[in-house]
Novice: 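Shown below is the structure under consideration.
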Amino acid sequence: MADEDRLLPIANVGRLMKQILPSNAKISKEAKQTVQECATEFISFVTCEASDKCHRENRKTVNGDDIWWALSTLGLDNYADAVGRYLHKYREAERERAENNKSSNDSGNEREPNITSGYSRVLEKGSSSSAR
Amino acid sequence: MVSSKKPNQEKKPKSDGVNKAGGGNTRSSGSKPKKKNTNVQAIVKKEPEVHEISESSSSDSVEETRRDEPMKSNGGGVEDAKMIRFPMNRIRRIMRSDNSAPQIMQDAVFLVNKATELFIERFSGEAYESSVQDKKKFIHYKHLCKLSIDPSVVSNSERYEFLADCVPEKVKAEVALEEWEKSMTDAG
């Protein structure tokens, strides 16, 4: 169980690979597991760089900009560009949501927090915490 | 069997959880047993950091459709930006495991989620090209191994050297043993 938890869920990895590859592509089980491990390593690699930056700047919290910076520094410029756009959209959506929450609070409505606006949709694929 | 459960879960993933969260969703969740729904519900409950899940049935069906479509990973699509592939909890746990950063902001976890998605897409894509060049039906370990060792074999110049330890070249056990014994002898 501990081993599974330290890696990304293989079901999600497999599904993503299947979606991106041509329908006739076949992936060996070992290759899928390897991609799972490499993706986990990728996360650690980027986070470590971002975390070091925070240490150097005496900050305790890693934020989105640090991740973007880490990707650029590590020569992963392709990712940095795309991620920069995601960061922008994420922050826009967060702003929208905060404004919606605020307006609903002001009106005194007891609305559930699940307001469908901006960044309201999440689709988590497959068995996430499938620590079976 | 754990392994046999997973394919079942794959067929109807989060939509069941979404349906549950949505309450009066007329969309049938199929013939999947309670066990799976409980798991999915448990997953939903376990991850309070997850952004709100849409409650409307129409959006669920849209999401269902969208899931089947191939994802564009150019970072530009709005729908693409809203969907995450991996559990935020798990990403956060991995980020925390080897690193000393005590706090990680939600946007950082989100970006790592999306970056990882891009990574897998590109890495798999290049492994596939490698397998095609090799005229193999399956993508094998060696096709991944090549990417980290010799980036020139692929057309893009993605940098995968950091994966060299993750996908080392395979050697035969007897060769590895010989080398190990030799290093022990040299050291001793």
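The basis for the numbers below is simple: all heavy atoms, side chains too, and nothing from hydrogens, waters or symmetry mates. Quick note on labels: first sequence line is chain A, next is B, and so on, each numbered from 1.
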Novice: Check for a donor-acceptor pair, side chain of B/R90 on one end and backbone N or O of A/L7 on the other, with a separation under 3.5 Å.
Specialist: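 Yes: the side chain of B/R90 pairs with the backbone of A/L7.
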Novice: Measuring only between side-chain heavy atoms, which start at C-beta, is B/F86 closer than 4.5 Å to A/V13?
Specialist: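 Yes, their side chains come closer than 4.5 Å.
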Novice: What part of A/R59 gets within 4.5 angstrom of chain B, counting heavy atoms only: side chain, backbone, both, or neither?
Specialist: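 Neither part; nothing is under 4.5 Å.
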Novice: Which heavy-atom pair separates B/Y141 from A/T34 by the least distance, and what is that distance?
Specialist: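 In this case the closest contact between B/Y141 and A/T34 is CD1-OG1, 3.3 Å.
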Novice: Could you tell me if the side chain of A/V62 sits less than 4.5 Å from the side chain of B/M105, heavy atoms only?
Specialist: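 Result no, sub-4.5 Å side-chain heavy-atom pair not found.
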Novice: What part of A/L71 is in contact with chain B, defined as an atom under 4.5 angstrom from a non-hydrogen atom: side chain, backbone, both or neither?
Specialist: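 When you check distances to chain B, only side chain atoms of A/L71 fall under 4.5 Å.
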Novice: Check whether A/S28 reaches the backbone of B/H140 with its side chain - one donor and one acceptor, N or O, closer than 3.5 Å.
Specialist: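 Flag not set: sc A/S28 to bb B/H140 has no pair under 3.5 Å.
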Novice: Where does A/L21 contact chain B at under 4.5 Å (heavy atoms): side chain, backbone, both or neither?
Specialist: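 Only the side chain of A/L21 comes within 4.5 Å of chain B.
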Novice: Taking the side chain as every heavy atom from C-beta outward, state whether B/E117 and A/L16 have any pair of such atoms under 4.5 Å apart.
Specialist: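 The answer is yes, as the side chains (C-beta and beyond) meet within the 4.5 Å cut-off.
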Novice: Could you tell me the separation between the OH atom of B/Y128 and the CD1 atom of A/I27, rounded to the nearest 0.5 Å?
Specialist: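 The distance works out to 11.0 Å.
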Novice: Parallel, tilted or perpendicular: which one describes the rings of B/F119 and A/Y79, with boundaries at 30° and 60°?
Specialist: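 Judged by the thresholds at 30° and 60°, the geometry between B/F119 and A/Y79 is tilted.
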Novice: Are any of the side-chain heavy atoms of B/Q106 and A/Y90 separated by less than 4.5 Å?
Specialist: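 Result yes, sub-4.5 Å side-chain heavy-atom pair found.
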Novice: Please state whether the rings of B/F110 and A/Y86 are parallel, tilted or perpendicular, taking 30° and 60° as the class boundaries.
Specialist: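 Ring orientation, 0 to 90° scale: perpendicular.
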Novice: Based on non-hydrogen pairs under 4.5 Å, which of A/A39, A/A31, A/C38, A/A70 is most in contact with chain B?
Specialist: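 Looking at each of A/A39, A/A31, A/C38, A/A70 in turn, A/C38 comes out on top.
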Novice: At a heavy-atom separation under 4.5 Å, does B/L163 approach chain A through its side chain, its backbone, both, or neither?
Specialist: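 Just its side chain gets close to chain A.
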Novice: Check the pair A/M17 / B/I120 against side-chain contact (heavy atoms from CB on, under 4.5 Å), numbers first and verdict last.
Specialist: CA-CA 7 Å; A/M17 289 176 77; B/I120 290 176; 3.9 Å; yes
